[in-house]
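Quick caveat, the model's predicted, so the values are computed rather than measured. Chain identifiers are assigned alphabetically (A, B, ...) following the order of the sequence lines, protein sequences preceding nucleic acid strands; residue numbering begins at 1 within each chain. Hydrogens, waters and symmetry mates play no part in the numbers below; they use all other heavy atoms, side chains included.
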Amino acid sequence: MGGTSGIAEACARLWAERGGADFALLGRSSEGLAAIAADLRVRDPAAQVDVVTADLADPETVDATASRFADAGVVLIAFGALPGQAGLQADTRALAESLHLNAVAPVLWAEAFARAAGNRTCRIAVIGSVAGDRGRKTNYAYGAAKSLLATYVEGMQHRFPAGPVIPVIVKPGPTATAMTRHLPPAKLAPVAEVAALVVAGIEKGSPVIYAPAKWRIIMAVLRHMPRFVFNRLDI
Amino acid sequence: MGQAQEQKTILQGWGRLTADPHRVVPVPRDGAAFPAEKIFACANGRSYGDAGLNPAALALDARGLDRFLSFDPESGVLWAEAGVLLGTIQRNLLPQGWVLPVTPGTQFVTLGGAVANDVHGKNHGQAGSFGCHVTRLDLWRSDAGVVTCSAQENPELFAATIGGMGLTGIILRVGVALRRVDSGWMATETVPFSGLPAFFNIARSREPLWEYGVGWLDCTRADAPEGVYFSANHSQPGAPVSSSPVTAPAARLSVPFALPVSAVNPLTLRLFNSVYLAAQKRKAGAGVTDMWRYFYPLDAVANWNRLYGRRGFYQYQSVIPWQGAEAATAEMLAAIAGARQGSFLMVLKLLGDRAGPGMMGFAMPGVTLAMDFPNRGDATERLFQKLDTIVLAAGGRLYPAKDARMPAGMFRRGYPRLDEFLKWRDPSISTAMSCRLMGW
Ligand SMILES: Cc1cc2nc3c(=O)[nH]c(=O)nc-3n(C[C@H](O)[C@H](O)[C@H](O)COP(=O)(O)OP(=O)(O)OC[C@H]3O[C@@H](n4cnc5c(N)ncnc54)[C@H](O)[C@@H]3O)c2cc1C
Ligand SMILES: NC(=O)c1ccc[n+]([C@@H]2O[C@H](COP(=O)([O-])OP(=O)(O)OC[C@H]3O[C@@H](n4cnc5c(N)ncnc54)[C@H](OP(=O)(O)O)[C@@H]3O)[C@@H](O)[C@H]2O)c1
């Protein structure tokens with residue numbers, strides 16, 4: 001879901017290189033998805049790669065699409081957008097749309113796939129973010145949406161302690177993709193490195209994947225920092 | 001978003017001789033407007049000197065163009081974006097029974113870089129250079145937009161771009177004809193030798209039987225250089241593809257940071273060379289190895305270039321035509337031993353007479369010698385000037401992919417089609433190397 005996402009593409013490459021997987025790439029840009037599908041077909045000529053154009057933010061498309069791909073072994077819900085916080089503070093409508101895209105829409109997909117899976121094992125990985133671990137002045141609209149995803153997945157994990165649905169929340173740190181093109185490259189993790197951790201974590205059924213792994217420690221420190229210290233940090 | 005252009009990134013050649021900040025932006029995937037300033041393409045930084053540098057221009061990083069576009073299992077032609085690494089091609093296509101027909105000594109080179117320097121491998125006698133297998137290029141030019149070229153379509157631009165040092169446009173997409181193999185295993189033969197004449201004898205006698213061949217030579221002792229010759233063939237039918245390693249082993253060692261001074265000095269050199277050669281000689285005779293170890297032995301140590309310390313190092317790679325090759329090589333070895341500036345191991349390869357399509361390709365029939373020297377400033381340059389004299393007198397030339405210092409006059413004499421090439425340069429593209437060798 002969000003097949004053109006840089007992180008999702010890098011994960012798909014790893015699955016294709018390993019072989020034995022078929023793919024359905026869902027997203028809004030048929031051209032963008034087709035290019036990735038072509039790449040995956042070269043990596044694994046035996047893979048069937050379907051491209052499905054859909055408005056992922058539209059609740060009306062969710063149930064039918066999830067039933068169509070009910071036999072998916074892994075669902076990676078990757079779409080999302082990093083808005084400018086200041087712009088959202090000044091624009092109610094844009095804020096509502098952003099919260100819908102980053103928080104509401106992904107959980108609708110997660111829930112629908114969980115329902116569609118029935119008794120089949122299905123790993124549902126939702127990409128949250130380290131930004132969801134503690135609200136910060138520079139991106140709390142995005143962070144709050146990501147923390148909703150984490151709490152939602154946590155609830156699903158409580159509901160399915162032993163499958164058949166295996167819910168996973170992925171929390172990447174800053175990663176080099178189209179989303180972060182405006183940030184200094186030195187501060188970004190290579191997308192292939194993040195994808196390797198995501199793919200391995202999904203396989204193991206890790207409930208929470210931090211990628212790169214150092215973010216688990218950094219965020220633990222930030223989460224436990226007293227408010228009077230945290231509020232003075234310029235981050 | 002505009003602020004991306006303001007951030008600076010240090011770009012270095014593999015020899016780490018300079019460390020200048022550059023403005024770097026990705027090559028856009030779709031028909032964006034060509035930047036209205038001087039630019040150049042940079043890729044995976046495996047050229048040793050200043051081929052992929054220019055602090056005065058905007059760097060367009062091609063590594064984000066990393067998608068395969070199509071592969072035709074009938075013809076073996078792969079069509080891919082220019083930032084795809086050669087190792088990625090090997091890893092993904094080997095399980096399907098195909099590999100690159102020509103590969104340099106590291107897998108961490110992009111398709112665009114392989115075209116721009118028209119790289120050669122250990123099988124030049126049979127396969128020629130990389131350009132011999134390129135079927136088509138899509139080139140993005142400041143004055144013409146995206147132009148397709150091949151041997152049929154825009155053939156001069158095609159010939160100028162192969163080996164064109166990235167100066168004829170940004171290479172967006174590359175078509176290359178792969179070759180079939182039965183597996184990733186290589187049958188090998190390891191033969192120790194002493195003395196240069198022995199090298200030439202062995203190398204020539206192995207050519208008809210073995211597709212690949214390379215000699216490693218220790219010349220810390222000029223009087224009796226010792227070496228090992230490694231030949232290989234893709235292994236014969238029988239071993240299924242699935243039985244051979246389809247990925248390179250992860251680098252077993254890594255040099256985590258640059259040493260303050262070079263770890264390469266006469267003492268460590270002598271030690272390393274003799275230990276290494278002794279280990280290889282123990283393996284003398286017939287053997288089997290996987291293609292990762294045969295093609296890319298240096299990739300086993302990540303960042304080995306940091307061993308040479310903060311001042312960096314030079315690689316000097318020449319090719320000398322057959323006539324006089326043996327004498328000129330002996331003279332070069334003597335000059336190096338005399339200057340007591342030996343290099344880890346020298347690499348000697350025969351290049352065959354299959355002409356590449358590029359106007360500026362480095363390879364020509366003869367023998368190529370490559371060696372690394374820690375940067376010791378003037379002393380190193382004085383040695384290079386002696387070597388230049390020998391190379392020029394023998395009608396040879398130096399390889400731009402490895403170069404950081406050759407004089408413009410030597411470049412002009414070595415590359416007789418330079419004037420023809422200049423007509424095809426993109427007026428918006430220049431590199432530190434093109435400024436040094438061509439004036440802009
Ligand atoms: C350990 C090692 C072993 C090597 N062995 C060999 C060998 O056996 N044979 C051999 O021939 N070479 C060899 N090389 C050299 C190497 O193959 C070349 O320098 C190659 O060009 C490096 O490619 P790159 O992707 O790193 O490009 P860079 O070094 O980043 O760039 C090289 C040149 O290509 C241009 N360029 C890159 N991408 C594009 C693009 N998309 N469009 C236009 N121009 C572009 C740049 O402007 C620059 O001029 C070796 C290098 C190393 C480090
Ligand atoms: N990159 C990071 O640093 C980072 C860090 C933490 C978390 N994440 C999260 O990781 C996930 C993947 O991001 P990425 O880094 O791979 O970024 P990306 O390459 O920019 O991908 C974003 C994806 O979201 C889709 N999308 C954006 N806006 C949309 C909209 N309005 N409607 C439908 N689809 C939309 C994009 O589709 P189009 O291609 O059609 O635009 C694309 O598929 C996101 O959830 C992101 O929040 C990223």
Side-chain angles (χ1 to χ4, degrees), chain A residues 3-21 23 25 29-47 49 51 81-84 86-87 174-188 190-193 195-196 200, chain B residues 1-11 21-32 42 44 59 61 63-74 76-81 83-85 87-98 173 175-176 178 241-242 246-248 250:
Chain A
T4 53
S5 128
I7 295 178
E9 179 179 6
C11 291
R13 285 181 181 182
L14 293 173
W15 283 313
E17 285 184 16
R18 192 189 301 164
F23 298 87
L25 310 179
S29 151
S30 55
E31 225 176 277
L33 295 170
I36 293 164
D39 172 81
L40 295 175
R41 286 188 195 109
V42 174
R43 289 172 201 263
D44 182 6
V49 188
V51 162
L82 180 62
T175 305
T177 65
M179 185 174 279
T180 50
R181 199 152 273 175
H182 58 294
L183 299 176
K187 295 197 176 146
L188 302 174
V191 67
E193 183 187 325
Chain B
M1 293 278 159
Q3 102 202 60
Q5 300 216 351
E6 305 314 317
Q7 259 128 24
K8 295 216 169 182
T9 308
I10 304 276
L11 291 186
H22 286 70
R23 289 174 303 134
V24 184
V25 297
V27 177
R29 228 177 211 128
D30 32 43
C42 65
N44 218 29
D61 187 340
R63 283 174 299 183
L65 301 178
D66 65 348
R67 285 186 190 142
F68 292 116
L69 299 163
S70 66
F71 178 66
D72 177 357
E74 296 300 311
V77 173
L78 176 71
W79 180 230
E81 291 184 328
V84 173
L85 292 175
T88 305
I89 297 175
Q90 306 283 49
R91 192 171 76 234
N92 281 280
L93 278 303
L94 172 62
Q96 302 173 43
W98 299 88
R173 291 173 282 270
V176 56
L178 304 186
V241 167
S242 56
V246 294
T247 55

message: Does this structure show an ion pair linking B:Glu81 with B:Arg67, if we count only N-O contacts that are shorter than 4.0 Å?
response: no
task: Go through the atoms of A:Arg43 and report whether side chain, backbone, both or neither lie under 4.5 Å from a heavy atom of chain B.
output: both
task: Flag the one option from A:Ala38, A:Pro184, A:Ala35, A:Gly19 with the top tally of heavy-atom pairs under 4.5 Å to chain B.
output: A:Pro184
- prompt: B:Ile89 versus chain A, heavy atoms under 4.5 Å apart: side chain, backbone, both or neither?
  reply: neither
query: Between B:Trp98 and B:Phe71, is the ring centre distance below 6.0 Å?
result: yes
message: Can a donor-acceptor pair be found, under 3.5 Å and without considering hydrogens, that links the side chain of A:Thr180 to the backbone of A:Leu183?
response: no
- prompt: Is a salt bridge present between A:Arg13 and A:Glu9, judged by a nitrogen-to-oxygen distance below 4.0 Å?
  reply: yes
message: Taking B:Val84's backbone N and O only, do any of them form a donor-acceptor pair with B:Asp66's side chain (distance below 3.5 Å, no angle check)?
response: no
task: Check whether B:Pro26 gets within reach of chain A through its side chain, its backbone, both or neither, counting any heavy atom under 4.5 Å.
output: side chain
- prompt: Out of A:Val191, A:Val42, A:Asp44, which one racks up the most heavy-atom pairs below 4.5 Å with chain B?
  reply: A:Val42
